[in-house]
Amino acid sequence: MSKVETTQEIPKIYDAGASERKWRKFWEEKNIYVYEPSSNREEIYSVDTPPPTVSGDLHIGHVFSYTHQDFIVRYKRMRGFKIFYPFGFDDNGLPTERLVERVKCVKAMDMPREDFWELCLEVSKEQEKAFKDLWQDVGLSCDWNEVYSTIDERSRRISQRSFLELLKSGEVYRKEAPTLWCTECRTAIAQAEVEDKEEASEFHKICFLTEDGKKVPIATTRPELLPACVAVFYHPGDERYSHLKGKYLVTPYFGLKVPVLEDAKVNPEKGTGIVMCCTFGDTVDIEWWQEYNLETRIVVDTFGRMNELAGEFQGFSLRDARKRIVNTLSEQKLLIETERITHTISAHERCGTPLEFLLNKQWFVKVLDKKDELVRYGEKCRWYPPHMFVRYKHWVENLRWDWCISRQRYYGVPFPIWYCAHCDEVIPARGENLPVNPLRDSPGIEKCPKCGKDEFVPEKDVFDTWATSSLTPQINAKWGENDDRSNILFPMTLRPQAHDIIRTWAFYTIVKAYLHNKDIPWYDLMISGHALDSSRTKISKSKSETVKPKQIIEQFSADVVRHWAGQTRLGTDTFINLQDPTENLASGKRLITKIYNASKLSHLHLADFTPGNLDLSQEINHPLDRWLIGKLVQTIDKATKAFEQYEFAEALEHVEAFFWQDFCDNFLEIAKGRLYGDALLQVTENQRNKLQTSAKLTLFKALESILRLFAPFLPFITEEIWHWYFHRFSEKASIHLTTWPSQEEFNGAYDKDSSEMGDSIIEALSLIRKAKSELKVSIKKPADRLIIGFANESQIDRALLNRLEQGKIDLLVTGNVKELVLIEGVLEDGVELETSRLRARLEMEVD
RNA sequence: GGGCGCAUAGCUCAGUGGUUAGAGCGCUUGCUUCACACGCAAGAGGUCACAGGUUCAAGUCCUGUUGCGCCCACCA
């Protein structure tokens, strides 16, 4: 047995932490992932990277879906595309406000807006640094020169430009609309801040009167809203009330005349089956108010106190007013009964105060009038997996309101408008002045173009954050500012995102692209699932705080975490045990170790081998080598097809199976005979060289291909091993700049006969393994004789025996058997395999 | 209540209408200095949720039922 000298000492154990730190730095310093603009659209692969919300809660679920993007990007880069892969931060709006208020112990409403803005910018900057650090740890191959934030100047400018364009084309309008309001915090709040709360309450049955004085009992939990009552409803066809159709009822005590209407939303089983509609008790009231064009009677002020419409109850809090009104009704015998109940109410998640709906002027983008077009444009995109489009479609088809883009908040992109103090005319900012802050800047005109007066009021509202993040393709393409770039980058190639925000982010982005560009925003959508914790619910903030992604990466390495993320089919949720991630990450860790060890062995035999310009079709001539190349080519084919459908998990599965079973368990074990020389003892010097060259060249090509196939998934270890040796034969600085393996590279280096022969040798080897396993001896313990025949008469196959005869040396050396006897007939007893026609008997001495 | 998805080995999940349904983990048995015990080999383990239907043929297609998840709506 010959000993091969190594030119470089490879450490026995892989130090993933050190290696990953090294390559992370290398990629950054060498600008490996920099975007190189091209004038040819076809060469570009652009990604509309989701900007994570900067609110301090990145968890393993984010790592999960961002890693998915990176698999695709790295694959596409190796396919030769010029990659545009920017990174963004969503750092305005409510989540940022809340983060800043928490971190800095301030309240936005209690300080000047400019000061609050300063704090927001400061806090988000720190957060973004931590985010970037994590993403670099994970190995995201985005170009950190292409960074945007939804509050930066470019985003503000483009977002404001978008609004002004829509204002001009009449696609936005301003209208009074009910807004969720916290009377404790005295601010409008977003849907996202609402939490359900169980509360003890009283269900009062009170008497409304018909115009001729008959009592009609109506049940309510909010008697204080009686002065806000504008109609009553019953279910269509409810015979108890159908006689009231078209008539009016008079509200108790307040004596207001309100119409009686029919609507299917009424539940005849609940209360008395007839319900009062107030402005506004809940969202159904709002729907009715809109649908039936009802009167508006707001009785609550911004402090949560009753206003003048409540008559003698004016000035009382909602709570006090409720008690007093109930008492009054009771005294006047208008209260029939009171039932104690608990029910769920909507409350502000920060202070727990029940929310009210107040009327405010809001800006809306028209979407209801273009549902069909929006469905059609959504359909033009390719959705992966396809059923995600159905969700989009149903969402659009069932829209009931236009898109409200204004928020009565502090930190966000300002509306670029002022109003004439006299005639309320909207004064838009001039395009060249964008971005503007109307609270600080002046409109830049002397007189109102409508009434000629010269006093202007700035719009205090800011955009909903979706109004800006719906423009990420335009922001990245520098829409309206750099036509060359815009034409090349818009529409973008890919939008990756998770399925929970199809109805928001994906939808709004399609809306904006339709309105501004009459185009789709991207060609492909790749929708990831969620990472769920072991209790099978979406990972919550409290839980993610126990184990942060950074810790998991430190403990297991980024490659291992990426491998975990790569195992889940696109669009499917997955589970991770945050208490003990080992069970989810163990297989990845083993794979990394296996790759390292197999590479170490390969390196031992390749260190002094130079492939030069050897012709693969000639030099790879041993059947087993050609068998391996055949398997490799199949793997490349399957992995490529999967990747083209964004099915990275399937690609990984094929690569992993090829590497582990075909390459390690079979090829390496059998090729050792030639690599170490045990199988070359009885051949001439010339043959010896030829056989060894074939083995080494195969080893070289196969391992190098394996590294490239794994590179999108495991960027660190593949880079590490590639630099041990393979980089010497490449002009590229990084494995990530090399090309994805292709079938063409291996033309002539594989064939059907060799594939059959390889399969036959492995089949026979399995019989030896089984026989030795049954004898409870090591595969390395020498056996005297192996007799191979068939399991029954009908299965006798001469060609199979011929193949074994030809592969005899490899078989005997690998199986540690001295002599092979082939029988063209049935072998009476011996070991069999389920998958084989053969039967074998091993003759050896056993202790 | 609506939409979408899921239900396959103890667990996590693959599975194109076509032999005897697969993988990883876990389990059992055996094998260690020559890449790797974080390994190798050999095993055990399944009424493909349930009930119908279509078909020469169903884990796969259709209908219904049950359970679970996500999103949305509801909360008088």
Side-chain angles (χ1 to χ4, degrees), chain A residues 1 3 10 12-14 191 196-199 201 203-204 218-222 225 232-233 265-267 270-278 281-285 287 341-346 385 387-395 397-398 400 498-504 529-530 532 534 536-538 567-569 571-577 582-584 586-605 649-650 653 656-657 660-661 664-665 668-669 672 676 678 765-766 768-781 831 833-835:
Chain A
M1 192 185 295
K3 191 85 183 159
I10 305 295
K12 189 166 166 55
I13 291 172
Y14 176 51
Q191 188 75 43
D196 285 350
K197 198 175 151 187
E198 283 277 313
E199 203 180 63
S201 181
F203 203 32
H204 305 282
I218 290 183
T220 179
T221 56
R222 302 210 54 188
L225 290 181
V232 298
F233 283 87
K265 278 196 270 294
V266 179
N267 177 0
K270 205 158 180 176
T272 59
I274 184 163
V275 56
M276 67 177 192
C277 170
C278 308
D282 59 36
T283 51
V284 175
D285 288 348
E287 285 178 37
I341 56 159
T342 46
H343 65 164
T344 317
I345 54 149
S346 294
H387 73 256
M388 293 296 179
F389 168 68
V390 181
R391 286 201 198 178
Y392 168 85
K393 183 168 179 255
H394 289 166
W395 175 257
E397 285 171 347
N398 292 308
R400 280 186 294 178
H499 58 65
D500 55 338
I501 51 173
I502 290 173
R503 71 195 165 81
T504 48
H530 285 292
L532 311 175
S534 40
R536 304 191 161 222
T537 49
K538 212 166 142 179
Q567 284 174 304
T568 304
R569 218 166 76 254
T572 308
D573 294 341
T574 194
F575 304 106
I576 183 160
N577 183 344
T582 310
E583 61 181 79
N584 301 96
S587 70
K589 185 133 192 269
R590 268 190 286 271
L591 175 65
I592 302 292
T593 307
K594 189 78 178 176
I595 292 173
Y596 187 80
N597 286 322
S599 301
K600 218 164 60 181
L601 170 69
S602 304
H603 184 258
L604 187 72
H605 297 286
E650 196 188 328
E653 199 180 318
E656 217 172 311
W660 208 299
Q661 277 123 55
C664 292
D665 295 344
L668 283 181
E669 289 308 323
K672 272 178 187 173
Y676 283 110
D678 305 5
L765 183 59
S766 294
I768 300 175
R769 284 165 169 168
K770 181 159 186 172
K772 289 197 175 174
S773 181
E774 284 185 358
L775 292 168
K776 303 192 173 183
V777 298
S778 165
I779 185 75
K780 284 173 183 163
K781 188 177 169 73
V831 294
L833 297 169
E834 272 183 49
T835 52

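Throughout, protein chains are lettered first and strands after them, A, B, ... in sequence-line order, and every chain is numbered starting at 1. Note: hydrogens, waters and symmetry copies are ignored here, and every other heavy atom, side chains too, is used.
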For B/rU60, what is the paired nucleotide under Watson-Crick or G-U wobble rules, both distances under 3.5 Å?
none
N or O in side chain of A/K12 less than 4.0 angstrom from B/rC36 OP1/OP2:
yes
Quantified in whole Å, what is the C1' atom distance between nucleotide B/rC40 and nucleotide B/rU32?
10 Å
Whole-Å gap separating P (B/rG5) and CG (A/D573)
13 Å
Using whole Å, what does the distance between atom P of nucleotide B/rC36 and atom NZ of A/K594 come to?
10 Å
When the P atoms of B/rG22 and B/rC34 are considered, how many whole Å apart are they?
34 Å
Do A/K672 and A/L601 have side chains that get closer than 4.5 Å, going by heavy atoms?
yes
Give none if B/rA44 has no partner; otherwise give the nucleotide forming a Watson-Crick or G-U wobble pair with it, both distances under 3.5 Å.
none
Who does B/rC36 pair with, Watson-Crick or G-U, both distances under 3.5 Å?
none
Would you say a side-chain N or O of A/R503 is under 4.0 Å from OP1 or OP2 of B/rC72?
yes
A/L833 has an atom CG; how far is it from atom P of B/rG43, in whole Å?
7 Å
Taking the P atom in each of B/rG46 and B/rA21, what is the distance between them to the nearest angstrom?
12 Å
What interatomic distance, in whole Å, is found between C1' of B/rA76 and the corresponding atom of B/rA7?
38 Å
In whole angstrom, what separates A/E669's CD from B/rC31's P?
18 Å
Residue whose nearest RNA chain B nucleotide is more 5′ - A/E650 or A/C664:
A/E650
B/rC75 OP1/OP2 closer than 4.0 Å to side-chain N/O of A/T283
yes
Does A/E287 have any salt bridge (charged side-chain N to carboxylate O under 4.0 Å, His left out) partners at least two apart in sequence or in another chain, and if so, which?
A/K265, A/R400
Are the side chain of A/S773 and the backbone N or O of A/R769 linked by a donor-acceptor pair below 3.5 Å?
no
C1'-based separation of B/rA49 from B/rG59 [nearest Å]:
12 Å
Using atom P of each nucleotide, how far apart are B/rC75 and B/rC6 to the nearest Å?
31 Å
Short side-chain N/O contact from A/W660 to OP1 or OP2 of B/rG24, under 4.0 Å:
no
Just the rounded figure in Å: distance from P of B/rC40 to CG of A/L601.
13 Å
What is the minimum heavy-atom distance between A/G529 and A/A498, and which atoms define it?
O-CB, 4.4 Å
Taking atom C1' in both B/rC31 and B/rA37, what distance in whole Å separates the two?
10 Å
Please determine whether any donor N or O and acceptor N or O are separated by less than 3.5 Å between the side chain of A/S778 and the base of B/rC31.
no
Counting Watson-Crick and G-U wobble pairs only, both distances under 3.5 Å, name the nucleotide matched with B/rA7, or none.
B/rU66
Would you kindly compare A/K589 and A/F203 by the position of their nearest RNA chain B nucleotide and give the one closer to the 5′ end?
A/K589
Separation of A/N398 atom CG from B/rC4 atom P, in whole Å?
10 Å
Residue A/H387, side-chain heavy atoms: nucleotide from B/rA42, B/rC31, B/rG5 that is nearest
B/rG5
B/rU8 versus B/rC13 - spacing of their C1' atoms, nearest Å:
9 Å
Spacing of A/F233 atom CZ and A/I274 atom CD1 [to the nearest 0.5 Å]
10.5 Å
Whether the side chain of A/D573 engages the backbone of A/H530 through a donor-acceptor N/O pair (distance < 3.5 Å, no angle test) should be reported.
yes
Say whether, by atom type as modelled, one donor and one acceptor occur between the side chain of A/N577 and the main chain of A/N584 under 3.5 angstrom.
no
B/rG1 - base-pair partner by Watson-Crick or wobble geometry, distances under 3.5 Å:
B/rC72
Please tell me if A/S773 has a side-chain N or O lying less than 4.0 Å from either OP1 or OP2 of B/rG43.
no
Below 4.0 Å: OP1/OP2 of B/rG24 and any side-chain N or O of A/R590
no
Which whole-number value in Å describes the distance from A/D285 CG to B/rC74 P?
11 Å
A/Y14 OH to B/rC38 P, straight-line distance once rounded to whole Å:
19 Å
